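Report on the structure given below.
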Protein chains: 2
Amino acid sequence: MNISEVAERAGLPPKTIRHYEEIGLVRPLRAENGYRQFCDSDLHKLAFLGRARSLGFSLDDCRSLLELYEDHGRASADVKALAGHHLTEIDRKIEELIAMRRTLAHLVDCCAGDGRPDCPILDNLAAVPVLKP
Amino acid sequence: MNISEVAERAGLPPKTIRHYEEIGLVRPLRAENGYRQFCDSDLHKLAFLGRARSLGFSLDDCRSLLELYEDHGRASADVKALAGHHLTEIDRKIEELIAMRRTLAHLVDCCAGDGRPDCPILDNLAAVPVLKP
DNA sequence: CTTGACCTTCCTGTAACTAGAAACTTTACC
DNA sequence: GGTAAAGTTTCTAGTTACAGGAAGGTCAAG
């Protein structure tokens with residue numbers, strides 16, 4: 001398979017696949033003309049990566065997951081731990097965004113949104129306490 | 001004020017403040033020795049920026065907010081629109097994270113997390129449908 | 001006078017790509 | 001067979017919002 005076919009089938013852009021090769025996540029063979037030649041195993045790896053990325057795993061995590069996937073002597077505890085940490089991190093981000101959302105939604109609600117300059121949003125941003133010297 | 005004092009009082013690291021100067025968000029004067037000299041207005045701008053950043057606004061948005069803040073003839077509608085777009089974006093991110101969280105939490109729940117290799121998490125990642133040629 | 005705390009600029013690195021340029025190969029069509 | 005389009009390669013640079021660190025100037029205290 002050439003890169004565009006494997007890209008289509010794995011659901012990833014060719015640019016992304018070249019990037020993954022550059023950082024050693026996949027190692028396709030090369031044809032005589034220099035074109036990358038992907039086998040079924042490469043395709044599955046790429047699909048695996050795409051799926052892991054869609055769950056928000058970093059590429060570093062993806063590398064570890066791929067190693068675990070290919071290590072048939074792995075302990076599922078290792079996978080669970082990695083996924084658990086990621087889950088915790090996702091929860092943290094959600095909390096952070098929800099806090100932002102709460103404040104911001106309130107401010108937007110309070111703003112008249114007309115032609116006048118008075119604006120509770122700007123007032124709030126400007127009302128940050130500044131430490132005295 | 002020198003940079004470390006304004007940093008302390010605005011609640012931002014000096015590196016961040018230098019960066020903000022570099023991209024033109026603040027324009028402190030310079031003393032004869034080359035040191036940056038911040039006035040109260042600079043301090044308030046920086047605190048404003050810190051607050052806006054903490055609500056997740058991009059630096060580009062911060063620049064616009066700062067311009068609106070300083071434009072006494074502004075229409076609050078413009079501020080509300082900017083904040084509204086940001087709110088929508090935050091909502092989008094929250095939804096995305098919650099979807100990830102749902103899938104991931106389920107998988108982590110299903111995984112025994114022991115010494116055996118069987119792992120529903122990896123199974124799920126590997127079970128991505130691959131398009132046929 | 002020296003030491004240590006500040007300050008300066010400049011360069012590099014981060015994450016995960018994306019865009020685009022210049023050059024090669026292959027494929028399709030006439 | 002010629003040529004033009006499509007596909008491929010490598011390379012560089014840009015994105016976001018800084019952080020880390022090096023080399024060197026400055027200032028206040030003892």
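As a basis for the values below, the full set of heavy atoms in this structure was taken, side chains included, without hydrogen atoms, waters or symmetry mates. A quick note: this is a predicted structure, and the numbers were derived from the prediction, not measured.
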* Asked: Charged N to carboxylate O below 4.0 Å: is that the case for B/Arg92 and B/Glu95?
  -> no

* Asked: Touch check for B/Tyr20, heavy atoms < 4.0 angstrom, all strands: base, sugar-phosphate only, or nothing?
  -> sugar-phosphate

* Where A/Tyr69 and B/Ala126 come nearest, the two heavy atoms and their spacing -> OH-CB, 3.3 Å

* Go through D/dA17, C/dC17, D/dT9 for me and flag the one nearest to the B/Arg53 side chain. => D/dA17

* Structure fact -> Separation of D/dT8 atom P from A/Glu8 atom CD, nearest Å, is 11 Å

* If you check every side-chain atom of A/Thr16, which of D/dG25, C/dT9, C/dT18 has the closest atom? -> C/dT18

* Asked: Just how far, in rounded Å, is P of C/dC17 from CD1 of A/Ile23?
  -> 8 Å

* To do: Report the nucleotide, chosen from D/dT8, C/dC17, D/dA17, that has the shortest atom-to-atom distance to any side-chain atom of A/Ile3.
  => D/dT8

* Kindly write out the residues that satisfy side-chain contact (heavy atoms from CB on, under 4.5 Å) with B/Asp118, not counting sequence neighbours, or none if the list is empty. => B/Arg116

* Structure fact -> In whole angstroms, the gap separating C1' of D/dG7 from CG of A/Asn33 amounts to 11 Å

* Rounded off to whole Å, could you give me the CD-to-C1' distance for the B/Glu32 and C/dT8 pair? => 16 Å

* Whole angstrom value for the distance that separates P of D/dT9 from CG of A/Leu29 -> 13 Å

* Asked: Among D/dG25, D/dA17, D/dT8, which nucleotide sits nearest the side chain of B/Ser58?
  -> D/dA17

* Asked: Roughly, in whole Å, what's the span from NZ in A/Lys15 to C1' in C/dG20?
  -> 7 Å

* Please determine, for the side chain of A/His19, which listed nucleotide (C/dT26, C/dA19, C/dC17) has the closest atom? => C/dC17

* Asked: Of the candidate nucleotides D/dT9, C/dC17, C/dC7, which contains the atom at the shortest distance from the side chain of A/Arg18?
  -> D/dT9

* Closest to the B/Tyr35 side chain: D/dT10, D/dT26, C/dT26? -> D/dT26

* Asked: How long is the line joining CG of A/Leu59 and P of C/dT18, in whole Å?
  -> 11 Å

* Cut-off 3.5 Å, side chains only: do B/Gln37 and B/Asp42 have a donor facing an acceptor? -> no

